[in-house]
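This chain uses plain numbering: 1 for the first residue, then up along the sequence.
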Amino acid sequence: MTTHYRYARYSAGSLMIILCCAHAAAQTQLTQPAKADAQPATVKKEVPAENGAAIASVTVAAERPTNRIDRQVYDVKSDIATSNSSAADALNNVPSVNVDPDGSLTLRGSSNVQVYIDGKPSAMLQGDNRGPALQAIPADDLDSVEVINNPGAQFGNEGGGGPIINLVMKRSRRPGGFGVVNANAGTAGRYNSALSGTYNEGPWGFQGGMNVRHDGRNSIGETVRDRIDPRDGSLSHSDQQSQSNGLNENAAMNAGVTYNLGANDTLGAQVAYSHRTNNAHSSDNYLSTDAEGAVTGDYLRSTVREGESKNYSWTGRWDHKGALPGETFKMDLRTSSATNDYDSTYRNNYVVLPPSGSLQDSSQKNRGKTEIIDYTGDYEAPLFGGVTKLGYKIVQTRNDSSIDYTNIDPITQEGSPNALRSNAFNLKETIYAAYGSYQMHLNEQWGVMAGLRAEHTVMDIDQLTSQVTASNTYTNLIPSFFATYKLDEKSTLRFAYAHRLRRPNAQDLNPFVAYRDELNVSSGNPKLKPAQTDSFELGYETHMFGLETNLRGYFRDETDSILDRKYFISNTVLLTTRENAGTTHSGGMEFTMTGKLLPTLTLNLSGNVARFGQNVIEMNGDQTRRTASSLSGRLRLNWQATSTDMLQAAVQATGKMLTGQGYREPNTTLNLTWRHALTPQLALMVNATDVFNTNKIATVTDTYALREQTMRRFDGRIIYVGLSYRFGGTSGMHREGGQDGHPRGPGGMHGPGVGPPPGGGMGPGPGGD
């Protein structure tokens, strides 16, 4: 059976944007409007970065003084804990970003976030693989984090659409050789170590690295659930208590090379590979009662999981400089793949048999693979009194997954396939896109960027088990607009608008009912449409009390929102699926304050006061409106206690967030770090995360048929002690990047698709397509 769904949406502002031309590209920047005696607009006046691509940004350490017109850039190198922490830890220091211990990521309270590496999507950061990948990438490999709440026309909507968090990896163009070695040991047998280096001479540049990490979070949890009978309102109760133990092993390496053919052409290539295990032991105790309180089931399920993930990528790139000042053409081809396999074995011990009788022991084999082929080209030139850029993109994403479920006789230990819990599913999505952009200074105060992107999507779904196929083809026009107004030498206003798509991923679309445990199953929905989002932002930048201050008011409106939907398919089993369940909107005020309170004390403060709303159609046809107010914040204090000692305290507070049928409760953690410079090259690090052991994930679901409270706590209090040694180049405070006289050092191993190109200017830089 083949089903076809077709739909398209065009923004009301599309015609105006077409007439205005299109939006500036990822590496085309408009910082401050040009003065009368300044250089022409085609020559950008910016702060040069280590990677050779000039950027301007606002940094958590107050090292970069201005925002980019379409994004905020945060310098995570100012966090002295980077030598023994992960990219997930670094992101938790970025305003309005939250990464759970299990790797789930939200931005301004929304989980609809894309994560890019150097402006490009990677298979290792898709779906369930994203969380473990962020926890495996060393934070010391990051140069900065770009938060793009309103992506411009140069950014695609593959991988879900929505806002973008771009991880910009370290690169070095300095001649000669440089390197860094980190080694850290933590509590409960945890450890990590990394070696990376770069060498540049003449037309050649080489860069590479490797790392190993033995880390993870054990957890305990409880789910209290009441099923409400819609006929008479009677309740049936269940309680599930669980615990999970197991640390993961991760090893990774990468290598890259660039070659300058001459003054105008550079070639680059890179390969990367990583391997991670995800073994664990867990147990779940199930207790259920009927409406009268009588126990109807009491048993323990033990699970042993063995699994692994393999990621690889390769990249080829050509950069060409044209005859005009600032004229460039860049062509980039990237292939990345992420494979996840794990086998689980379940054993049941009964105190009270459930109504269904004794459940067989069982095993489950899960196989999943994601492949992304990304081919882009960008042309930029100074034309028509401004900067014009044109680009194209062809990207194909393939997701293949399978589940093999086997029932095991507890006495004979013989297995028999369970066809109802086994499944194979494939999804192929191909996107053809083209965009145009234009940016210019209107006068000394005003600067504008406008853009339009056209995307044609072809999606093929193949449910192999049930032999059901579906296809989905649609075309969208995606506009964006940005403007800046310079009030005075210290103050600037910024405006941003963007229209985005949130495409459902493979898990969202697979209709197969997948087994999680005896009380919980899940399925996707092949009829999902992309959610449509319009987002607006107004920002004000100035200096207050000697601190760089940024205020940003924002509003986001989404239709056809893809939300979780839970309902019972039996007296005890709850199904979680996804539907275009209604509309959502959010708005609020975000602020950052950075700078030195004292010559030896640096402040990084940010917060987000938000209001969320949802209009959801329930399963019984009722329309429910949910609202929530939220306050989130980040506070980091760096104190240079002596010439060789740096102390850091970081508080991370996440506010209340709405889910599809309820909300998530607030959470707060405290991290402490001490860095002692033994020599100009060698430093001792001590880092304690979640000092008060408060890290948790607590959610509440409340519908006409279900009331549920879920809580998971993690062994968050972890202490690491380590050494960081940086070599090469000159010594002392003249080194590049230097906290305590230490250079920033080159990038290390970043996993597939994330390693930065070496010197020679081949890196895509902090940009988009």
Side-chain angles (χ1 to χ4, degrees), residues 13 16-48 54-59 62-73 146-154 325-326 380-389 436-452 479-498 535-555 589-595 766-767:
M16 178 191 72
I17 300 299
I18 295 174
L19 297 176
C20 291
C21 286
H23 175 221
Q27 295 175 329
T28 302
Q29 307 153 25
L30 185 58
T31 55
Q32 297 179 356
K35 297 182 179 180
D37 56 350
Q39 301 178 49
T42 54
V43 180
K44 301 180 286 295
K45 298 178 66 177
E46 295 158 329
V47 179
I55 66 172
S57 62
V58 58
T59 79
E63 295 171 3
R64 296 175 180 171
T66 57
N67 282 319
R68 302 225 350 227
I69 192 171
D70 61 344
R71 72 197 72 178
Q72 288 80 47
V73 185
E146 298 181 343
V147 178
I148 310 172
N149 281 292
N150 301 281
Q154 73 271 26
E380 178 181 341
L383 300 173
F384 313 114
V387 177
T388 300
K389 187 169 183 178
S437 70
Y438 181 74
Q439 71 166 11
M440 68 175 299
H441 289 119
L442 300 178
N443 52 41
E444 292 187 1
Q445 285 76 39
W446 283 100
V448 296
M449 302 171 66
L452 182 68
S480 60
F481 178 78
F482 303 87
T484 62
Y485 180 75
K486 188 172 180 62
L487 296 170
D488 54 46
E489 290 298 323
K490 294 185 178 181
S491 303
T492 303
L493 289 175
R494 299 182 184 273
F495 172 79
Y497 163 76
S535 58
F536 305 83
E537 187 169 308
L538 180 63
Y540 173 63
E541 302 168 8
T542 188
H543 285 76
M544 293 182 179
F545 314 110
L547 302 175
E548 182 182 345
T549 304
N550 294 269
L551 302 174
R552 287 179 288 274
Y554 63 91
F555 178 77
M589 178 66 70
E590 185 180 79
F591 70 88
T592 60
M593 299 183 71
T594 64

Participant: Measuring only between side-chain heavy atoms, which start at C-beta, is Arg552 closer than 4.5 Å to Thr592?
Facilitator: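 A side-chain contact under 4.5 Å exists here.
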
Participant: Which heavy atom of Pro151 sits nearest to which heavy atom of Ser480, and what is that distance?
Facilitator: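 Nearest heavy atoms, Pro151 then Ser480: O-CB, 4.2 Å.
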
Participant: Out of curiosity, Gln445 CD to Asp488 CG, how far, rounded to the nearest 0.5 Å?
Facilitator: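 Answer for the CD-CG pair, Gln445 versus Asp488, is 10.5 Å.
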
Participant: Just verifying a value: how many Å separate Leu383 CG and Lys389 NZ, rounded to the nearest 0.5 Å?
Facilitator: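 Reported value, rounded in 0.5 Å steps: 13.5 Å.
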
Participant: Quick one, Val448 and Tyr438 - any side-chain contact, counting heavy atoms below 4.5 Å?
Facilitator: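 No; the side chains remain at least 4.5 Å from each other.
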
Participant: Would you name the heavy atoms of Met593 and Leu547 that are closest together and state the gap between them?
Facilitator: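 The answer is CE-CD1, 3.8 Å.
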
Participant: Just verifying a value: how many Å separate Trp446 CH2 and His441 NE2, rounded to the nearest 0.5 Å?
Facilitator: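 Nearest 0.5 Å value for the CH2-NE2 distance: 12.5 Å.
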
Participant: Going by side chain to side chain contact (heavy atoms under 4.5 Å, CB included), name the residues that satisfy it together with Met589, two or more places apart in sequence or in a different chain.
Facilitator: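 For Met589, the residues satisfying side chain to side chain contact (heavy atoms under 4.5 Å, CB included) (neighbours in sequence not counted) are Leu551.
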
Participant: Which residues pass the side chain to side chain contact (heavy atoms under 4.5 Å, CB included) test with Phe555, sequence neighbours left out?
Facilitator: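 Partners of Phe555 by the side chain to side chain contact (heavy atoms under 4.5 Å, CB included) criterion, ordered by chain and then number, come out as Phe536, Asp557, His585.
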
Participant: Going from CD on Gln72 to CD on Glu541, what distance comes out if it is rounded to the nearest 0.5 angstrom?
Facilitator: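 Taking CD in Gln72 and CD in Glu541, the distance rounds to 8.0 Å.
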
Participant: Among all residues two or more places apart in sequence or in another chain, which pass the side chain to side chain contact (heavy atoms under 4.5 Å, CB included) test with Leu487?
Facilitator: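 So Leu487 forms a side chain to side chain contact (heavy atoms under 4.5 Å, CB included) with Tyr485, Ser491, Leu493, Tyr540.
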
Participant: Could you grab the distance from atom CD of Gln439 to atom CD of Glu380, nearest 0.5 Å is fine?
Facilitator: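 Rounded to the nearest 0.5 Å, the CD-CD separation comes to 7.5 Å.
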
Participant: Going from CZ on Arg494 to CG on Asn150, what distance comes out if it is rounded to the nearest 0.5 angstrom?
Facilitator: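 Taking CZ in Arg494 and CG in Asn150, the distance rounds to 13.0 Å.
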
